[in-house]
**Q** 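Handing you a structure now.
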Amino acid sequence: MIQINRLSFGYSRQSLLFENLHLTLYPGHIYGLLGKNGAGKSTLLKNMIGLAFPKAGTCLINGQAAAKRLPAVLAELYFIPEEIYVPALTAEQFLARTAGFYPRFNAPEFYKYLQEFEVPTGAILDKLSFGQQKKFMIAFGLASNTRYFIMDEPTNGLDIPSKVQFRKIMASALTEDRCMIISTHQVRDLDSLIDTVVILHNREIVVNQELDKIAEQLTFTTVPVSQETEALYAEDSVRGKQVILPNTAGHYSKVDMELLFNALISGNQKITKLLNQPVYAQSI
């Protein structure tokens with residue numbers, strides 16, 4: 001479990017990215033961390049894993065302070081930043097030098113993921129394209145079988161077929177004792193993958209909710225532009241008017257994360273109130 005309590009962080013004394021931030025993330029979920037550019041998504045991830053240090057509050061991984069970077073904690077943590085670095089090694093050489101840091105690393109899984117991603121195993125890593133390098137690191141991270149797998153903009157540099165494969169592989173790798181966190185501004189790339197959405201806006205978490213629970217409270221649909229509706233939020237599109245309505249009938253609709261995100265960062269208090277935010281904890 002990752003616990004963030006009363007976190008305050010900023011790169012200068014005059015400007016804080018977060019203030020009194022609370023967040024708890026549990027195993028068995030794929031979290032999608034969303035926020036506008038500059039909202040602090042990458043910085044929040046770095047605080048989670050101990051690469052940035054809060055001015056106040058704590059970031060704990062399994063009860064241990066992330067900032068201490070204890071070997072036992074690092075063995076259960078794999079992080080892929082947005083900008084990656086790969087050495088001038090082959091896949092086999094990289095595995096020989098790195099896999100030993102992860103007690104549950106599975107080499108057959110690693111090569112299976114490389115094959116599924118169509119990454120050549122004999123190539124020198126720094127000679128591959130950026131997209132191929134990104135897929136290599138995702139494959140290695142998954143095969144490490146760490147309890148916490150955290151990625152910042154993992155689909156940047158991937159073409160459409162690779163994004164489809166990414167979603168398929170990620171979904172198959174989730175287990176009850178594994179927590180996956182994906183930060184992105186490309187909401188559509190995660191649409192069919194994540195099960196819990198976390199939205200960071202104006203220095204706070206405005207949503208930390210499972211998509212199924214959101215669907216119990218809200219209805220997402222499209223109606224003709226001319227149709228009058230008492231929508232909580234609406235946007236015009238080429239298909240008509242995309243709307244969010246209270247789910248009064250108890251019917252399930254697929255959560256449109258992009259529409260929900262736009263509604264919440266616009267300051268829609270009705271939806272925030274309906275979702276009982278802020279949510280500081282949730283049950284497994």
Side-chain angles (χ1 to χ4, degrees), residues 1-7 21-35 41-42 44-51 57-81 99 101-106 109-110 113 137-155 166-184 189-200 205 207-216 255 257 275-284:
M1 181 169 61
I2 295 176
Q3 295 172 289
I4 295 175
N5 299 308
R6 303 182 67 182
L7 172 68
L21 192 73
H22 294 261
L23 181 65
T24 303
L25 304 175
Y26 294 90
H29 292 281
I30 300 179
Y31 290 91
L33 176 61
L34 311 181
K41 300 186 300 297
S42 298
L44 179 57
L45 295 185
K46 290 177 181 178
N47 273 271
M48 283 184 193
I49 63 176
L51 292 179
T58 58
C59 297
L60 304 177
I61 298 178
N62 289 346
Q64 300 291 332
K68 291 183 178 180
R69 304 280 289 173
L70 298 175
V73 172
L74 296 180
E76 294 290 357
L77 173 67
Y78 200 90
F79 173 59
I80 300 179
F101 293 105
Y102 304 100
R104 288 189 296 276
F105 188 89
N106 188 311
E109 282 185 2
F110 171 57
Y113 293 139
M137 297 307 297
I138 292 170
F140 190 89
L142 288 169
S144 297
N145 288 297
T146 55
R147 295 189 186 277
Y148 303 97
F149 188 32
I150 302 173
M151 293 168 283
D152 192 3
E153 302 289 356
T155 57
F166 168 77
R167 290 191 291 267
K168 178 182 176 182
I169 292 173
M170 288 292 296
S172 68
L174 180 66
T175 61
E176 291 185 356
D177 62 351
R178 197 172 203 182
C179 177
M180 298 183 177
I181 305 163
I182 307 172
S183 170
T184 188
D189 288 348
L190 302 182
D191 196 47
S192 60
L193 176 61
I194 74 165
D195 59 62
T196 306
V197 61
V198 179
I199 296 179
L200 177 64
I205 300 297
V207 163
N208 177 17
Q209 189 87 265
E210 293 180 32
L211 294 185
D212 286 347
K213 293 181 179 178
I214 293 175
E216 291 175 0
V255 175
M257 288 196 297
L275 295 177
N276 297 316
Q277 297 304 312
V279 175
Y280 296 150
Q282 65 188 71
S283 58
I284 299 175

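Computed from a predicted structure; not experimentally measured.
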**Q** Salt bridge (Lys or Arg N to Asp or Glu O under 4.0 Å): which pairs involve residues 64-74, sequence neighbours left out?
**A**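 For residues 64-74, and leaving out neighbouring residues, there are no salt bridge (Lys or Arg N to Asp or Glu O under 4.0 Å) pairs at all.
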**Q** Using a 4.5 Å cut-off on heavy atoms from C-beta on, say whether the side chain of Thr24 contacts that of Ile2.
**A**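 When only atoms from C-beta onward are counted, Thr24 and Ile2 do not touch, as no gap falls below 4.5 Å.
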**Q** Take Thr184 and Glu153 through the test side-chain hydrogen bond (donor to acceptor under 3.5 Å, both in side chains) and record every step on the way to the result.
**A** CA-CA 5 Å; Thr184 188; Glu153 302 289 356; 3.2 Å; yes
**Q** If I compare all heavy atoms of Leu142 with all of Ala173, which pair ends up nearest, and what's the gap?
**A**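 In terms of heavy atoms, the two residues are closest at CD2-CB, 3.7 Å.
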**Q** Kindly indicate whether the side chain of Leu7, heavy atoms from C-beta on, has any atom under 4.5 Å from the side chain of Thr58.
**A**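 When only atoms from C-beta onward are counted, Thr58 and Leu7 do not touch, as no gap falls below 4.5 Å.
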**Q** How long is the span from the CG atom in Asn47 to the CG atom in Leu21, to the nearest 0.5 Å?
**A**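 Going from the CG atom of Asn47 to the CG atom of Leu21 covers 9.0 Å.
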**Q** Which residues pass the side chain to side chain donor-acceptor pair (under 3.5 Å) test with Thr155, sequence neighbours left out?
**A**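 So Thr155 forms a side chain to side chain donor-acceptor pair (under 3.5 Å) with Asp189.
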**Q** Okay, side chain of Tyr113, backbone of Ile169: is any donor-acceptor separation there less than 3.5 Å?
**A**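 Absent.
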**Q** Does Asn62 have any side chain to side chain donor-acceptor pair (under 3.5 Å) partners at least two apart in sequence or in another chain, and if so, which?
**A**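 By the side chain to side chain donor-acceptor pair (under 3.5 Å) rule, Asn62 matches Tyr148.
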**Q** Kindly write out the residues that satisfy side-chain contact (heavy atoms from CB on, under 4.5 Å) with Val255, not counting sequence neighbours, or none if the list is empty.
**A**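 Testing Val255 for side-chain contact (heavy atoms from CB on, under 4.5 Å), a comparison that skips the adjacent residues, returns Leu211, Ile214, Ala215, Phe220, Met257, Leu260.
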**Q** Do you know which two heavy atoms are closest between Cys179 and Leu25, and how far apart they sit?
**A**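 Looking at all heavy atoms of both residues, the shortest contact is SG-CB, 4.2 Å.
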**Q** Could you label the plane-to-plane angle of the Phe140 and Tyr78 rings as parallel, tilted or perpendicular, counting under 30° as parallel and over 60° as perpendicular?
**A**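 Ring orientation of Phe140 relative to Tyr78: tilted.
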**Q** Name all residues meeting the salt bridge (Lys or Arg N to Asp or Glu O under 4.0 Å) criterion together with Arg178; count only those two or more places apart in sequence or in a different chain, and write none if there are none.
**A**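 Testing Arg178 for salt bridge (Lys or Arg N to Asp or Glu O under 4.0 Å), a comparison that skips the adjacent residues, returns none.
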**Q** Could you work out, with side chain to side chain donor-acceptor pair (under 3.5 Å) as the rule, every residue matching Asp195, not counting sequence neighbours?
**A**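 For Asp195, the residues satisfying side chain to side chain donor-acceptor pair (under 3.5 Å) (neighbours in sequence not counted) are His29.
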**Q** Any donor and acceptor pair, going by atom type alone, linking the side chain of Lys41 with main-chain N or O of Gly35 inside 3.5 Å?
**A**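 Indeed, once roles are kept as given, a pair shorter than 3.5 Å links the two residues.
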**Q** Working to the nearest 0.5 Å, report the span between CE of Met48 and CD1 of Ile150.
**A**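 So the gap between those two atoms works out to 6.5 Å.
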**Q** How long is the gap from CG on Leu23 to CG on Leu33, to the nearest 0.5 Å?
**A**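 Interatomic distance, Leu23 CG to Leu33 CG, rounded to 0.5 Å: 8.0 Å.
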**Q** Mind checking the CG-CZ spacing from Asn145 to Phe105? Nearest 0.5 Å is all I need.
**A**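 So the CG of Asn145 and the CZ of Phe105 are separated by 8.5 Å.
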**Q** Report yes if the side chains of Pro71 and Val73 come closer than 4.5 Å at any heavy-atom pair, otherwise no.
**A**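 Pro71 vs Val73: side chains apart.
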**Q** How many angstroms lie between CD1 in Ile30 and CG in Leu174, if you round to the nearest 0.5 Å?
**A**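 That separation rounds to 4.5 Å.
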**Q** Please determine if Arg147 and Asp177 form a salt bridge, counting it only when a charged side-chain N lies under 4.0 Å from a carboxylate O.
**A**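 Here Arg147 pairs with Asp177 in a salt bridge, since their nearest N and O are under 4.0 Å apart.
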**Q** Hey, is Arg104 close enough to Glu76 for a salt bridge, meaning N to O under 4.0 Å?
**A**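 Salt bridge between Arg104 and Glu76, a charged N being under 4.0 Å from a carboxylate O: yes.
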**Q** If you round to the nearest 0.5 Å, how far is SG of Cys59 from CG of Leu44?
**A**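 It is 7.5 Å, given to the nearest 0.5 Å.
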